[in-house]
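Let me begin by presenting the structure, written as structure tokens, before commenting on it.
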Amino acid sequence: MADWRRLVPCIWSLGLALLLLGPALAPGYVLSYDMVWVPDLALRPDFLGVGSGLPRAVPSDAVVAVLDEIVPGMLLQKLVLVAVLVAGGLGARRLTDPRSLGAQLVAITLYQWNPFVAERLLLGHWPVLVGYAVLPWVILAAQRWRTTGELPPRLWCLVPLGCLSAGAGLVTAVVLLAFAVERSGRRLAMVAILVVAGNAPWLVSGVLHASEAVTDPAGASAFALHDEGSVPAPLAALGLGGIWNSEVVPPSRTGAAGWLSVALLVVLVGIGLRRWVRYAGRREVAAFTTCWVLGWGIAVLTWAAPDQMAWVVAHVPGSGVLRDGARLLALCAPLLVAAAGHGAATVLGGVARAARPATAVVLLLAPVAVMPDAALGVAGRLTPTELPADYALAREAMARDLSSGSRGDVLLLPLTSYRQPAWNHGHKVLDPVGRFLAPDFVASDDLFVSGRRIEGEDPRARAAAAILERPTPEERSAGLAGLGVGYVVTERGLGPVPAVTGTVVHDGPELVVRSLEDPVARATPWSWRIAMSVAWILFLGLFFVGLGSRKRRAVRRCRLDA
Amino acid sequence: MGTTILATIGSLIAGGVVASIAVVGLVSSQTGPGDTSPSDVTQPVNIDYGSNG
């Protein structure tokens with residue numbers, strides 16, 4: 001009986017994950033907006049946080065670059081996509097009533113099948129989803145730490161996993177502070193060490209880039225919480241929706257089903273609230289509520305006060321991490337699933353025994369019924385593709401050239417950030433060429449949102465754009481070489497690009513690679529190298545401490561048993 | 001007894017309806033229009049705001 005009850009949630013969670021991802025799990029790479037996976041991501045200095053731009057993909061890119069040496073990139077992507085859904089769902093199950101299987105299954109469904117998950121998947125924010133999946137486990141470990149006084153070894157590993165991007169790291173930090181901290185200075189110091197070490201790679205890199213760490217104020221309103229069709233933004237946020245990019249919003253969210261889904265969730269949470277408060281206790285309720293208020297409050301603030309947010313992101317270094325308000329809604333999910341699970345238990349306990357199975361079906365399938373277009377790769381929009389064979393030929397040609405003594409970074413032309421290639425089923429994606437090739441690359445980080453240009457932060461990309469304005473190809477090449485650019489990679493078929501002089505090392509159907517003469521070696525200050533080394537030691541140190549603690553604990557247990 | 005039977009029948013109907021809606025929704029949502037190709041590939045790729053943009 002007990003085994004059966006343990007198995008059902010696992011099967012349900014896996015089933016939901018497979019239903020949601022559907023075709024995304026077929027062979028090929030899923031490339032969608034910011035999600036760019038390639039066969040072999042090469043580890044390079046920029047991924048370690050010493051590039052010229054803000055650390056947008058630190059440490060996630062470096063982690064992938066290391067892991068895909070062990071597991072092929074394609075398989076790794078599938079594993080990550082399935083794991084974030086299943087791990088999140090199974091963690092959410094433990095936040096609610098352990099006595100009610102129905103409550104647990106409802107918590108799993110709500111945590112895995114909601115607009116936050118579907119939209120972030122489509123937008124390619126997989127590090128945010130890793131943080132989201134880790135969240136319930138961080139809560140459980142922090143609770144255990146607080147109640148037993150002993151730091152669970154798994155927390156050392158969970159924190160860095162939850163900090164694979166700045167936004168995710170912020171959410172993980174808030175949750176850890178809310179659930180683990182007590183009036184003990186020692187506990188606070190330990191939490192601070194965990195938070196700082198887990199976030200060290202992007203945090204230190206961000207400090208090193210402090211002069212560029214303010215962002216275009218136009219981005220504050222562009223990336224703020226938004227209405228979803230007829231559902232106003234604050235209400236959409238109650239149901240974990242309201243993302244800025246309307247292209248990734250499932251159509252069901254924008255009409256009557258959107259209203260219905262918010263209403264159902266609010267009603268279920270309302271029914272379960274009193275039971276959950278009694279079950280969880282005041283300290284836990286305070287922690288869950290703090291997270292919910294912060295997540296919903298900051299998200300709504302980006303919608304209600306865009307001008308003030310614009311001022312903040314334009315003047316306070318690092319505050320750009322808050323401009324995508326809906327990203328912080330991850331903080332609301334734990335309270336919602338915990339209370340809604342208790343709501344489901346209350347409903348199931350209130351109906352006749354014979355009516356329970358059918359009532360459970362209603363509760364479990366309602367989230368799917370009101371957002372059916374999340375299924376099968378968000379209605380087929382997460383479709384894998386094969387990267388053009390010409391990319392591999394270009395990479396080989398560059399490798400040959402580099403081995404003959406050439407050097408320098410890559411400049412990607414045309415100088416625009418996103419592509420919409422036919423080979424990717426017409427889906428928009430951040431230019432994958434840079435990640436496919438091995439050296440560091442310079443690419444535009446400007447974004448065009450509803451025809452409005454949101455300026456990027458990379459000064460090197462801006463400098464390259466200015467150099468490309470020069471009148472002759474020779475002057476452009478000399479200027480780019482002075483910037484440390486050794487190769488100019490031009491994608492065919494995307495219109496005219498400024499000509500540069502150089503030796504053509506690859507001329508294929510997709511890409512043309514030109515090697516420039518005498519590129520200047522880009523110097524990374526020693527202070528940066530030392531600072532980032534310390535940051536990475538702290539980050540990786542957490543994993544080692546966690547694994548070491550587990551081993552020590554296992555040995556101690558064996559001795560006690562003996 | 002009568003109330004229990006009514007509740008059971010009611011929940012069975014509700015369960016059937018929600019399950020049907022879920023299945024119909026799943027099937028019909030997969031037949032919607034996909035992404036459209038860009039009308040002008042030489043222009044930067046544009047991303048759209050939410051509805052209050």
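So that the names make sense, note that chain A is the first sequence line, chain B the second, and so on, each numbered from 1. All values reported here derive from a predicted model rather than from experimental measurement. All values below were derived from every heavy atom in this structure, side-chain atoms included, with hydrogens, water molecules and symmetry-related copies excluded.
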*So which of A:Pro421, A:Ala352, A:Ala375, A:Pro414 has the biggest tally of heavy-atom pairs under 4.5 Å with chain B?*
A:Ala375

*Could you name the residues of residues 361-370 of chain A that have a heavy atom within less than 4.5 Å of a heavy atom in chain B?*
A:Val361, A:Val362, A:Leu365, A:Ala366, A:Val368, A:Ala369

*Work out which heavy atom in A:Pro372 is nearest to a heavy atom in B:Ala22; give both atom names and the distance.*
CB-O, 4.4 Å

*Could you tell me which portion of A:Arg453 (side chain, backbone, both or neither) has an atom closer than 4.5 angstrom to a non-hydrogen atom of chain B?*
neither

